[in-house]
Amino acid sequence: MAKKKQLCTFFLDDQFFGVEVNKVQEIIPYRAMTPVPLASPIIRGLINLRGQIVTAIDLRRRLHLSEFPEDKLPMNIILRTEGEAISLLIDAIGDVLELNEDIFELPPETLKGSIRECIVGAYKLDKRLLLELDTNQVLNLDWN
Amino acid sequence: MDDLLKEFFAECYENLEQLDREFIELENEPDDRQRLASIFRKVHTIKGSAGFLGFSKLESLAHAGENLLSLLRTEKLDLDQDKANALLAMVDGIRRILAAIESSGSEGEEDHTPLIAILNHFQQDVPLEECTKPPLLPTSRQENVEASDGHIVSTIHPSAEIPSIIDEKSYPSAQSETFRASIPLVEAKPAISDPGQCNSSSTERKTPIFNAEHDRKQRFEQRVNSSSELPMGQILIAEGYVTQRQIDDALVQQNLGDPRRIGEILIERGDVKPSTVREILERKGSDKTGRTFIPDTTIRVNVGVLDQLMNLAGELVLARNQILQYALNQAEDSNLTAAAQRLGLHITELQERVMKARMQPIRTVLNQLHRLVRDLEKACGKQVRIEMAGEETELDRTLIEAIKDPLTHIVRNAIDHGIELPTERIKRGKPAEGRIVLIAFHKGSQVHLEIFDDGAGIDPAKIKQRAVTLNLITREQAEQLSEAEIIRLVFLPGFSTTEKVTNISGRGVGMDVLKTNIERIGGTIDVQSSLGQGTTIRLKIPLTLAIIPVLLVANAGYRYAIPKMNLIELVLLKGEEAQKGIEFIHNTPVYRLRGKLLPLVYLRSVLKTVHQLDKTEAQTNTQTTNIVILQSDDRQFGLVVDQIYDTEEIVVKAFGKLLKRIPVFAGATVMGDGTIALILDVVGIAQTVGVVSNLRDKLSMDTTSTNTLADGEEEHREELLLVRTPDNGRLGIPLSAVARLERLPSSSIEYVGNQEVIQYRNQILPLIRVNHLLQERRHQPRDTIRNDNNEVMHVVVCGSGIQLQGLVVEQILDIIETAITVKNPPTRKGILFTSIIQGRVTEFLDIDALTSYQTSGKRGNKRKQHKVVHG
């Protein structure tokens with residue numbers, strides 16, 4: 001019996017990504033951010049989530065994709081990690097999909113760059129690929 | 001770990017902490033029976049709990065100690081150093097077992113039987129031959145009765161104990177009923193006894209009289225449970241203070257109409273002492289089980305719960321700020337405003353109380369120091385006494401944890417490096433015993449801790465030498481430092497002045513780590529020392545980290561918070577003032593605040609934000625400059641910001657782990673309107689910009705030479721080097737510009753082009769003769785007093801690093817510190833001004849002239865130079 005996985009999906013730079021649904025705390029629309037000078041450019045700023053200060057990561061920069069277009073405001077996926085909440089900036093949110101393991105594949109060799117380290121693998125859907133993000137890697141900014 | 005174990009650990013650690021201190025106090029005052037009983041109780045509790053939870057090793061170790069303590073308590077034995085050592089070793093052993101249980105669940109592999117054997121051995125120090133059995137005591141052993149609160153009530157007959165103890169040694173740790181030794185709950189002081197007996201030396205205690213005293217107490221103790229119900233008269237009889245006859249007489253007097261109470265009557269008749277009656281009254285008044293200490297008005301609360309309370313209080317503060325903002329903005333509904341303000345007041349108070357709940361007296365940390373001092377003084381062979389004041393000063397719990405290590409370190413240093421050996425001290429006329437004094441007090445919003453030792457002090461010369469040897473600073477920089485600054489060099493990383501690294505301190509990682517740790521919790525540390533007399537270390541720690549008052553400022557459209565703790569004052573410069581007020585020294589902007597030069601730091605530069613300078617403002621000169629004068633670590637500087645708002649109280653929220661510690665930020669906060677403001681770390685800013693060290697050096701070089709600005713006659717004291725010039729004139733050189741004074745052989749002069757140079761410390765030092773540098777006004781040169789001894793030149797080496805120049809003078813006269821009040825206009829180029837120093841007209845050298853002489857080409861040598869280049 002193939003195992004099924006539930007991923008919360010979203011769009012980023014015309015690519016389709018997903019994260020484990022139990023890691024997602026909530027999804028909120030664009031919220032004004034306070035920039036943090038001297039921090040890595042991957043950190044877009046801080047947002048106020050019901051009184052809690054949440055760090056917002058520019059996922060496009062993290063995955064070395066093209067920059068957010070000026071006219072579109074990114075949405076926030078708030079991830080739950082070890083006692084802290086961190087936001088990933090995305091273009092648009094997709095559905096929660098239940099996926100079969102038998103359509104899962106490890107990332108192809110052709111996928112280069114830092115995006116490779118952050119991908120667990122890909123699910124071959126009908127029309128496109130769904131890339132599953134490794135949240136631990138994404139949030140690991142140390143060597144960047 | 002389940003709750004029961006957690007309780008057990010909490011209780012044990014608490015007891016152990018106090019035990020350390022109590023043992024040491026007991027050593028100093030071996031007759032303090034209350035202390036001994038208190039110690040006994042604690043060890044007993046530990047033993048009991050250990051037995052209950054099945055920790056047999058712990059139990060048997062505690063048990064051995066408890067037996068020894070029991071004998072000490074009943075004065076069968078005297079406390080000497082060996083016994084004290086053994087008991088302290090037991091405390092350590094208990095700690096180790098607890099640690100093992102915590103980490104692995106089991107009691108650990110260590111074998112405690114040797115220690116147990118030692119403790120038991122001491123018990124065999126069989127008591128006093130003269131101890132006659134008091135006839136009134138029952139010879140059978142009293143049975144133990146456990147009161148409901150777990151404490152034992154009655155006593156065991158002492159003589160029966162001894163053989164059983166010897167037997168006990170062969171028993172395994174399994175508890176035998178009879179050895180849950182007793183704890184009298186009442187510490188009755190022998191009120192009538194002759195003070196001489198109580199405090200006498202150990203030999204004297206072996207007297208029968210004292211035993212009578214002893215048995216009186218025993219009889220009393222048997223009645224302990226009912227004492228609170230007995231009338232005074234009966235108690236007095238039971239304790240043998242008065243006879244029945246005396247009571248009867250007093251009763252008769254009462255019946256005859258004397259309204260006073262029995263006790264008073266007896267006192268007046270001289271039958272009993274007032275102190276006795278008082279004591280009994282106290283005992284009667286205390287709680288039913290006869291405990292004399294104040295009933296517990298505290299409860300133990302899990303620290304996590306307090307932390308949550310703190311967080312909630314913080315959130316309430318934020319919500320309050322929000323509500324207040326809205327309520328105050330709309331002025332229509334005064335009811336709302338009033339209600340909001342009331343709410344605000346209550347929340348403030350709630351927050352303060354919760355904060356207070358987290359505060360603990362610093363005593364808990366200081367207690368451990370006693371033990372440390374005792375161990376160290378024995379290890380080092382020194383005699384040291386530690387005195388403390390202000391132990392009740394309170395500090396937030398997290399900060400107490402944080403200062404434990406620094407304080408330990410400081411005390412270690414004081415004993416290891418500071419206090420000298422007793423023989424050494426006596427030689428120096430000091431008492432053989434060294435003193436460490438620790439004072440804690442509140443001042444402003446900080447807790448001050450001052451640790452003073454009367455040891456050898458810090459030798460600035462050694463420090464200087466060491467720093468140079470370790471290449472932490474150059475020789476030139478070292479010469480320029482004041483004594484206070486030299487002493488502060490000990491905080492540089494990698495510094496250590498002991499040649500021999502001891503176990504105790506001296507690994508060279510000490511003081512800088514100490515400083516970092518203190519600064520990490522928002523505190524500061526400073527050292528002062530007097531050679532031969534002692535050293536003082538001062539720590540300043542904020543009361544709490546969580547909620548702080550700040551000043552809000554703006555930079556590039558965003559708000560930032562500056563902790564008020566670092567704030568000195570605000571300066572607003574408008575228009576022209578802004579232009580004039582900011583001066584530049586060596587390309588560094590400075591501001592002169594009431595005569596004192598302060599380095600300026602632009603926040604936009606620190607944060608590297610881009611700015612749009614308002615062009616119209618710049619043109620019409622209406623630009624305003626906002627300067628926030630800040631203090632970091634005893635150094636002051638000005639921070640230039642875009643705008644200054646007002647002050648507020650905010651809740652500090654630490655950054656998440658993603659924002660790897662950026663030195664200039666101390667966290668963030670959510671403002672009343674929901675926006676986020678970053679909190680600036682003043683110490684971090686100062687360090688990032690290098691404000692505190694480099695600029696200061698530069699400034700000290702220049703304060704003397706920039707004084708010919710508008711406000712001409714400033715009085716400041718300067719250090720001057722006075723030299724004689726070839727024409728027998730006097731020249732003053734600011735000492736801050738001088739690196740070294742040298743006597744160099746004239747024969748070593750070499751030439752580069754036409755420039756005289758000399759090889760000096762692996763450098764080529766250009767030599768400049770005074771009469772070349774300074775224009776000669778006269779057409780005929782004065783008779784120069786030739787230094788016939790042409791072999792040696794006096795050279796004043798000026799500059800720093802590799803930019804050195806040697807000024808050749810006739811003679812070096814003096815170094816003086818003086819206030820220069822009169823400045824007359826200069827008489828020639830290269831001179832700043834002239835003044836009268838020591839009764840002689842003295843010209844003051846313009847250092848810039850010296851520096852620029854070098855670079856502007858050598859006078860009259862152009863042709864030759866040309867030749868050299870193309871030659």
Side-chain angles (χ1 to χ4, degrees), chain A residues 19 23 25-26 28-63 70 76-89 114 117-118 133-144, chain B residues 304 307-308 311-323 554-561 602-611 650-681 684-685 688-689:
Chain A
V19 287
K23 295 229 168 88
Q25 178 175 297
E26 61 194 278
I28 56 175
Y30 174 77
R31 191 166 288 207
M33 288 175 275
T34 307
V36 181
L38 305 181
S40 155
I42 292 178
I43 297 176
R44 274 286 277 264
L46 304 171
I47 57 175
N48 172 4
L49 188 66
R50 294 183 299 277
Q52 216 189 349
I53 296 186
V54 173
T55 313
I57 293 186
D58 184 329
L59 197 52
R60 277 172 177 250
R61 285 184 192 158
R62 177 70 183 90
L63 300 177
E70 301 242 335
N76 295 278
I77 288 192
I78 313 287
L79 297 181
R80 201 183 292 132
T81 71
E82 294 169 35
E84 214 199 320
I86 299 184
S87 167
L88 296 179
L89 294 176
S114 63
E117 279 103 3
C118 299
L133 276 186
D134 180 348
T135 48
N136 288 336
Q137 265 304 99
V138 168
L139 299 181
N140 177 10
L141 298 185
D142 280 337
W143 46 267
N144 241 333
Chain B
D307 281 343
Q308 284 168 355
N311 283 342
L312 284 174
E315 299 298 334
L316 273 179
V317 166
L318 290 180
R320 171 205 72 188
N321 288 348
Q322 252 181 323
I323 290 185
N555 179 66
Y558 288 97
R559 273 189 293 185
Y560 295 89
Y602 284 79
L603 187 56
R604 66 181 87 117
S605 314
V606 174
L607 300 181
K608 300 196 174 91
T609 51
V610 176
H611 264 235
I650 55 152
V651 179
V652 176
K653 297 205 175 220
F655 279 153
K657 49 182 179 10
L658 274 187
L659 286 162
K660 271 174 305 186
R661 184 159 164 68
I662 304 174
V664 302
F665 294 127
T669 183
V670 179
M671 305 298 309
D673 61 357
T675 57
I676 294 176
L678 292 168
I679 304 170
L680 298 179
D681 181 345
I685 293 179
T688 309
V689 177

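Hydrogens, waters and symmetry mates are skipped; everything else that's a heavy atom, side chains included, is used.
Heavy-atom distances place both the backbone and the side chain of B:L607 under 4.5 Å from chain A.
Looking at every heavy atom in both residues, A:I47 comes nearest to B:I676 through C-CD1, 3.4 Å. The heavy-atom pair separating B:L678 from A:P35 by the smallest distance is CD1-O, 3.6 Å.
Between A:P37 and B:F665 there is a side-chain heavy-atom pair separated by less than 4.5 Å.
Partner of B:V670 under the side-chain contact (heavy atoms from CB on, under 4.5 Å) criterion, out of A:N48, A:T34, A:L46: A:N48 alone.
Once rounded to the nearest 0.5 Å, the distance linking CD of B:E315 with CD of A:Q52 reads 8.0 Å.
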